[in-house]
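Here is the naming used below: chain letters follow the sequence lines, and residue numbers restart at 1 for every chain.
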Number of protein chains: 2
Amino acid sequence: MAGLSSRSAVAIHALAMLAHRRGGPLTSTEIADSLDSNPVLVRRILGHLRDAHLIWSTEGRGGGWSLARSPRDITLYDAYAAVEEGQVFSRHTHPPSRACEVGRNIGDLLDAEFRSAERALEEQLGRTTIADLLQRILASDGEPRIH
Amino acid sequence: MAGLSSRSAVAIHALAMLAHRRGGPLTSTEIADSLDSNPVLVRRILGHLRDAHLIWSTEGRGGGWSLARSPRDITLYDAYAAVEEGQVFSRHTHPPSRACEVGRNIGDLLDAEFRSAERALEEQLGRTTIADLLQRILASDGEPRIH
DNA sequence: CTGACTGTAACTGAGCCAGTTACAGTTAAG
DNA sequence: CTTAACTGTAACTGGCTCAGTTACAGTCAG
């Protein structure tokens, strides 16, 4: 089962498409078609990427979405951080009993352990850029230039 | 918002209590009291820890739960792996379009990136043992031996 | 045989998520 | 100025997972 939403996957996919279409904008419908998803869903996620200054959009006819930075300056962590809110781990819904020596003190320590584990995950995501990913995508494509 | 369930937190809390009660068994009701939670919920989670051979249980009167290993041989990763099934990240629910050069090839690459990020999280969790955690819990307790 | 336990099935209510419909606002092209 | 192609958002749906609970069968000690 899945912990986080699939928004990170959608965001990274969209960023890779925008990097592929160097400079030129894409519409939410074009991106949704590649994802086999829905334009509204895509716009919601791209809205978060825009709020994080990774991309920008223009309205009206001929509008669409474009990268705001070089693909070399956007990591998978940037995409993850823009669309996934909150923490990976959940804590107790009720605070533990203060009558128990363990329950009284475990809270902060557990939070610290979980945060450091999440930080390790985030640092690993930060090691790959959209440019890296796109390069590998194109390299793994047997017959180039079909679409 | 939370990605994973709070089962890891409950499992680690329970393991720390069992380590604290060196050798002697605890009942699901005692553990649930410290968690301010429910005995049935605790038994469900402890059942997973037993399936992973971290603890064992005895039924009937005077029964309960005990550690099956030294707290130094149980890491936070062991608890996490026993109770959290599946992956942290979700992928697209529909497979991406095969007509798009990006969509056609991003799947496996994204899976590999996500798996390596999860592995970093898991390795970090594996660096702390229940014995480490319990020691810090007891150290941070101002007045020892209340419970 | 009674009471203290584990083990499980079944149900509930809450929250999150992907997906969709609907519609208001914006812009370029004719 | 009208139309069509877009973004931007609100509102709703159905499905899923989760924590929490009730209920009850099985096990074991005294």
Engineer: Should A:Ser6 be listed as having a side-chain N or O under 4.0 Å from OP1 or OP2 of C:dA18?
Structural biologist: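 Yes, within the criterion.
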Engineer: Just the rounded figure in Å: distance from P of C:dT6 to CD1 of B:Ile55.
Structural biologist: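 Interatomic distance, CD1 of B:Ile55 to P of C:dT6: 11 Å.
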Engineer: Is the backbone of A:Ser6 close enough, under 3.5 Å, to the side chain of B:Arg91 for a donor and an acceptor to pair up by distance?
Structural biologist: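 No; judged by distance alone, with no hydrogens or angles, the pair does not exist.
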Engineer: Between A:Ser28 and D:dT7, is there a side-chain N or O to OP1/OP2 distance below 4.0 Å?
Structural biologist: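 Answer is yes, contact under 4.0 Å.
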Engineer: For B:Thr75, is there any backbone N or O sitting under 3.5 Å from a side-chain donor or acceptor partner on B:Asp78?
Structural biologist: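 Yes; judged by distance alone, with no hydrogens or angles, the pair exists.
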Engineer: I need the CG-P distance between A:Leu35 and C:dA18, as an integer number of Å.
Structural biologist: 12 Å
Engineer: Does the pair B:Glu113/A:Arg136 count as a salt bridge with the N-to-O cut at 4.0 Å?
Structural biologist: yes
Engineer: Return a single string for nucleotides 21-30 of chain D, one symbol per nucleotide in 5' to 3' order, where B is base contact, S is sugar-phosphate-only contact and - is none, cutoff 4.0 angstrom on heavy atoms.
Structural biologist: BBB---BBB-
Engineer: Just to confirm, is there a sub-4.0 Å distance from OP1 or OP2 of D:dG8 to any side-chain nitrogen or oxygen of A:Ser57?
Structural biologist: yes
Engineer: Can you tell me the distance, in whole Å, between the CZ atom of B:Arg50 and the C1' atom of C:dG7?
Structural biologist: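 The answer, rounded to whole Å, is 8 Å.
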Engineer: Using a 4.0 Å heavy-atom cut-off across all strands, classify B:Gly47 as base, sugar-phosphate, or nothing.
Structural biologist: nothing
Engineer: Roughly, in whole Å, what's the span from CH2 in B:Trp65 to C1' in C:dA4?
Structural biologist: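 In whole Å, C:dA4 C1' lies 15 Å from B:Trp65 CH2.
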Engineer: Let me know the distance between CG of B:Leu26 and P of C:dC5, rounded to the nearest Å.
Structural biologist: 11 Å
Engineer: Are the side chain of A:Asp111 and the backbone N or O of A:Asp108 linked by a donor-acceptor pair below 3.5 Å?
Structural biologist: no
Engineer: Does any N or O in the side chain of A:Ser97 come within less than 3.5 Å of the main-chain N or O of B:Leu35, such that one atom is a donor and the other an acceptor?
Structural biologist: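 Checking the backbone N and O of B:Leu35 against the side chain of A:Ser97, no donor-acceptor pair under 3.5 Å is found.
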Engineer: Can you tell me how far P of C:dG19 sits from CZ of A:Arg7, to the nearest Å?
Structural biologist: 12 Å
Engineer: If we ignore hydrogens and angles and just use 3.5 Å, is the side chain of B:Thr27 paired with the main-chain N or O of B:Glu30 as donor and acceptor?
Structural biologist: yes
Engineer: Please confirm whether the backbone N or O of B:Val83 pairs with a side-chain atom of B:Arg7, one donor and one acceptor, at under 3.5 Å?
Structural biologist: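 Here the side-chain-to-backbone pair exists.
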Engineer: Over all strands shown, is A:Thr29 touching base, sugar-phosphate only, or nothing at heavy-atom distances under 4.0 angstrom?
Structural biologist: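 No contact.
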Engineer: What's the CD-P distance between A:Glu85 and C:dG15, to the nearest Å?
Structural biologist: 16 Å
Engineer: Over how many whole Å does the gap from B:Ile45 atom CD1 to D:dT17 atom C1' extend?
Structural biologist: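 Going from B:Ile45 (CD1) to D:dT17 (C1'), I get 14 Å.
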